[in-house]
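Written below as structure tokens is the structure these notes are about.
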Amino acid sequence: LWSWLAKARVMRAHGASVRRLMEVLLTCLPDLDEAADSFDMILREDTHVLSGASFAKRRLLYKQRCFAENVGRLTDSYRAAAQAGNGASQARHLLALSHMLRYVPTQVLVERVATILPLLIQSLHTPAQDVDTISSGGGGGGGGATSEVLLACLRTLRALMDSAAMAEVSEQLDALIPLLLRHSRHKGAMGVRIAALRCLGDLTCVSYHRLHPFKRHVVNELGVALDDHKRVVRRHAVHARNKWYQASAR
């Protein structure tokens, strides 16, 4: 109910009430799985109730406004959870962030790259068991939530690579390349492996002097993905590996 109230207020851009409702959700985020899912429901297009067909009113750019007003508070709350060493709470914050990132244009993300990029890298570091507790009642069953977080983060990372933020991304190669190689062998969703391979291929547009220290290692490690049991993954692995082979001083 609280999430639906927040959604209605966010769509109408009711400033003070939106801030109070979102503060409640952020307060609940460290402890409640449903609070993380609320961020998806608030920004997702609704086709039944709060829709144009039912004459619901919405302000222009309400999703971008919601993101801009809450990403800073979400980041601060995440850091507090990290300092407390609460892995499950960190994972809920990352899942909430991944929900928001799905609905925000790349141009908005570029303006916040200094805030978002460290969290994206941390999301790729997050142990699977921490994220698996979300949407499973703490039972640790299944990897759906893990794959959802990873896919959202990898897609956002790729969008940043295709934008003016590539310079900032290239500064993080030491952290990104080992993580992308690890997820190119992800045991769960095929989409995660494909997204990681696409990101690795896109990195080859970085200046060669930055890529050179990693080239041999990446080419060797991508050989593992060439034996993937899914043909579409093998195709993306071949494409990424060829781009690294062809990377040279220019």
Side-chain angles (χ1 to χ4, degrees), residues 94-95 97-107 109-110 113 116-128 131-132 142-250:
L94 293 174
L95 183 57
L97 178 65
S98 73
H99 287 320
M100 296 182 75
L101 294 177
R102 290 167 58 190
Y103 303 106
V104 180
T106 304
Q107 295 88 336
L109 299 181
V110 169
V113 65
I116 295 171
L117 189 55
L119 289 183
L120 290 178
I121 294 173
Q122 186 59 45
S123 299
L124 299 177
H125 271 294
T126 302
V131 188
D132 284 342
T146 305
S147 300
E148 184 180 356
V149 172
L150 289 174
L151 268 175
C153 293
L154 289 169
R155 287 169 180 166
T156 303
L157 181 62
R158 192 161 185 243
L160 292 176
M161 290 179 185
D162 291 335
S163 68
M166 188 58 174
E168 288 80 0
V169 174
S170 66
E171 297 290 337
Q172 302 293 335
L173 292 181
D174 286 337
L176 281 174
I177 287 178
L179 291 170
L180 293 173
L181 288 171
R182 188 180 83 185
H183 292 305
S184 71
R185 302 187 294 271
H186 189 264
K187 298 296 185 182
M190 174 181 67
V192 172
R193 301 198 295 278
I194 292 173
L197 289 167
R198 284 176 170 171
C199 287
L200 283 166
D202 289 346
L203 283 178
T204 56
C205 67
V206 174
S207 298
Y208 182 71
H209 75 276
R210 291 184 180 274
L211 295 180
H212 179 72
F214 306 97
K215 181 176 179 178
R216 178 175 295 181
H217 177 66
V218 172
V219 168
N220 290 338
E221 288 294 310
L222 285 176
V224 177
L226 296 178
D227 294 326
D228 195 279
H229 64 284
K230 291 291 187 178
R231 184 171 61 180
V232 64
V233 176
R234 296 197 298 271
R235 186 168 69 245
H236 284 287
V238 168
H239 185 62
R241 199 177 193 221
N242 283 344
K243 291 178 79 171
W244 276 86
Y245 261 130
Q246 295 169 9
S248 59
R250 51 188 181 271

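We use all heavy atoms of the structure for the numbers below, so side chains are in, but hydrogens, waters and symmetry mates are not.
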**Study point:** Separation of Ser123 OG from Leu97 CG (nearest 0.5 Å)
**Key:** 6.0 Å

Review point. Only one of Leu120, Thr156, Leu117 clears side chain to side chain contact (heavy atoms under 4.5 Å, CB included) with Leu109; which?
Key: Thr156

Check your understanding: Going by heavy atoms in the side chains, are Leu203 and Phe214 under 4.5 Å from each other?
Key -> no

Check your understanding: Are any of the side-chain heavy atoms of Ile121 and Leu157 separated by less than 4.5 Å?
Key -> no

Practice item. Please report the closest heavy-atom contact between Leu154 and Cys199, naming both atoms and the distance. Key: O-SG, 3.5 Å

Review point. Which atom names give the shortest non-hydrogen contact between Gly191 and Leu151, and what distance separates them?
Key: O-CD2, 3.4 Å

**Study point:** Ile177 CD1 to Gln172 CD distance, which is reported to the nearest 0.5 Å
**Key:** 11.5 Å

Check your understanding: Does any N or O in the side chain of Lys243 come within less than 3.5 Å of the main-chain N or O of Thr204, such that one atom is a donor and the other an acceptor?
Key -> no

Exercise for review: Decide if atom CZ of Arg155 counts as having more than 12 heavy atoms of other residues, nucleotides or ligands within a radius under 6.0 Å.
Suggested key: no

Check your understanding: Mind checking whether Leu160 and Met166 have side chains closer than 4.5 Å, heavy atoms only?
Key -> no

Point to revise | Atom pair CG (Leu150) and NE2 (His183), whose distance is rounded to the nearest 0.5 Å | key: 5.0 Å

Exercise for review: Output the distance between atom CD (Gln122) and atom SG (Cys153), rounded to the nearest 0.5 Å.
Suggested key: 10.5 Å

Review point. Is there a side-chain contact between Ser184 and Arg193 (heavy atoms, below 4.5 Å)?
Key: no

Exercise for review: Measure from the side-chain N and O atoms of Arg241 to the backbone N and O of Leu222, and report whether any donor-acceptor pair falls under 3.5 Å.
Suggested key: no

Check your understanding: Which pair of non-hydrogen atoms, one from Pro118 and one from Val113, has the smallest distance, and what is that distance?
Key -> CD-O, 4.0 Å

Exercise for review: Taking the side chain as every heavy atom from C-beta outward, state whether Leu181 and Glu221 have any atom pair closer than 4.5 Å.
Suggested key: yes

Check your understanding: Donor-acceptor pair, His236 side chain versus Arg198 backbone, under 3.5 Å?
Key -> no

Practice item. Give a yes or no on whether the backbone of Leu200 and the side-chain of Trp244 come within a donor-acceptor separation of less than 3.5 Å. Key: yes

Check your understanding: Is a donor on one side and an acceptor on the other found under 3.5 Å between the side chain of Lys215 and the backbone of Ala247?
Key -> yes

Practice item. For residues Arg182 and Leu179, determine if any side-chain heavy atom of one lies less than 4.5 Å from a side-chain heavy atom of the other. Key: yes

Review point. Do the side chain of Arg234 and the main chain of Asp228 share a donor and acceptor less than 3.5 angstrom apart?
Key: yes

